[in-house]
Amino acid sequence: MRTGSDYTEALNDGRVVLIDGEKVDNVSTHPAFAPVIKTIAELYDIAADPANCMQYTAPETGETANKVFSIPRSLDELRERREAIEKWARHTHGWVGRSPDHVGTFLASFAAHPEVFAGGERDFSANMVNFHQRILREDLYVSYAIIPPQVSRATTASGWEGDYLQVGVVRETDEGIIVRGSQMLATGGAIADEIFVSCIKPLGPDDRDFAISFVVKPAAEGVKLYCRRPYAPAATSSFDYPLTTRYDEPDALVVFDDVLIPWERVFVNRDTDGVRRQFFDTGGHVLGNWQAQIRFATKLKFIAGVARRVTQVNGVDKIPSVQEKLGELAALVAGVESAVLAAEYMAEPDSAGQWLPGKRALYGSMGLQSEIYPRVIAILRDLVGGGVLQLPASVKDLQSPLTSTDIARYVQSPGVASEERVKLFKLAWDIIGSEFAGRHQQYEMFYAGAPFVVKGAYSYRNFGYEGPLQDVEDFLNSYKPETV
Ligand SMILES: Cc1cc2nc3c(=O)[nH]c(=O)nc-3n(C[C@H](O)[C@H](O)[C@H](O)COP(=O)(O)OP(=O)(O)OC[C@H]3O[C@@H](n4cnc5c(N)ncnc54)[C@H](O)[C@@H]3O)c2cc1C
């Protein structure tokens, strides 16, 4: 199995990652990326240790592989898959959204349904199966860029002024397709082995050139990754910013300057129905988003723990109205965790024998995520009060002879020494108030699509309104106007 150092060494491949108008020499040593790369490397080391029970023999290759990349063929395998995902999520406390298990899960389901990739002008089914086997064998970290850039949402790309703002096929050659344009955002793209590029937003008949799906190495000629401002380099220390300094995943606009994508890396070409089917007819969207909910539940439990500790330290945890707030928090968190387990309980095999979590529970939980996360943050914000600002500027104030005595005297609580109190409240600030925290709120609200999409398309369509409708119909038919 791949180790953390195997992963880290592979990143120094000449990829064009751009920050502040300059190209980054080597992401693994750059202060913007090195911290989160270290975290991803730790995940690989955890998986490589058999004691962590993340390994299995993949039937597709006959070799040892990571369960997070498995195609679940039974309810037990689905459960084991969840437990492996949880193992990783617990290590990051849910603060890394696009760890290798996220896109790796989508691609496992895609490979479970090779027929979906056989329906276009060419048969790409073997490409998908082969690529998934590479993930299994090589433990690849794949990120994705599947949303068009936010140029205008009034029309799709074919209606925009300017050719190829969204990535599309310029021409086909014997070797492959030449693609040009951009895609909105690849979280983790700058530190991944591969980027999966496609379009999940619905496309119209005039958008055929943009209806593509392929994988590309970040170091492929013509690929450029424009990263948002990184937060980790500005963080003064891990004591001051405990989350930013470990989990600041890069988000990057991906630009393609006439990039050759060899045919064996193409999964869909100029097929608007094909790009839709890969997400929704393979189970990929279900299994991939269940991975995200498992991570999300882990993160919410961590935040709940911080909230409870804050109330203990401030001596308010016995006050009934505070317990009511903690109770609301508990209810929100328990709801998400329960939906993860309910989806597993409602799981069924699909036509390929792949076990998929129940859609009603999964998409029901996702539909409320854009409200649950801000509410959870608001409760923590309420509980910490000004304590997150009654903090020394940095850890240096705890160490300097000029300041340490006052800090030790005034920034403490009964039975809680200054260092412990400051540490806790700085963690709380990294959850609710830092730039990292702000980005996380945006992430949880949007990573699976804008709220109107998640509710209107996913929660609404997958609830199964037929049953409740029939119940109401039967009830209404059970009585007639009374005869007077
Ligand atoms: C932190 C972060 C990380 C991300 N990481 C990734 C990644 O790794 N890979 C990836 O592919 N994408 C990623 N994304 C992109 C994410 O998938 C998109 O943000 C999401 O799909 C919503 O698209 P959008 O941002 O273009 O919003 P839009 O579709 O432009 O919507 C923005 C808002 O406009 C309004 N609106 C727009 N259109 C309509 C409409 N038709 N009807 C009603 N209201 C409308 C709504 O208020 C909506 O919330 C990430 C996003 C964030 C914030």
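Whatever order the structure lists them in is the order used to number ligands and atoms, beginning at 1.
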Could you list the residues that satisfy ring-ring contact (aromatic ring centres under 6.0 Å, His included) with His30, not counting sequence neighbours? Phe33
Closest to atom 53 (C) of ligand 1 by heavy-atom distance, out of Gln442, Met445, Arg98, Gln183, is Gln442
Right, does atom 30 (O) of ligand 1 have protein non-hydrogen atoms nearer than 4.0 Å? yes
Honestly, is Arg265 close enough over Phe214, meaning NZ or CZ under 6.0 Å from the six-membered ring centre and within 45° of the axis? no
Closest to atom 25 (O) of ligand 1 by heavy-atom distance, out of Met184, Gln441, Lys201, Glu249, is Met184
Atom indices of ligand 1 within 4.0 angstrom of Tyr447 heavy atoms, with elements: 17 (O)
Which one holds for Phe446 and ligand 1: side chain close, backbone close, both close, or neither close, with close meaning a heavy atom under 4.0 Å? both
Geometric N/O contact Pro451 with ligand 1, under 3.5 angstrom: no
Any idea which part of Ile200 is under 4.0 Å from ligand 1, heavy-atom wise: side chain, backbone, both or neither? neither
Only counting residues at least two apart or in another chain, list the ones meeting salt bridge (Lys or Arg N to Asp or Glu O under 4.0 Å) with Asp209. Arg270
In terms of side-chain geometry, is the basic nitrogen of Glu77 or Lys67 positioned less than 4.0 Å from the acidic oxygen of its partner? no
So, is Gln150 polar-close to ligand 1, with some N/O to N/O distance under 3.5 Å? yes
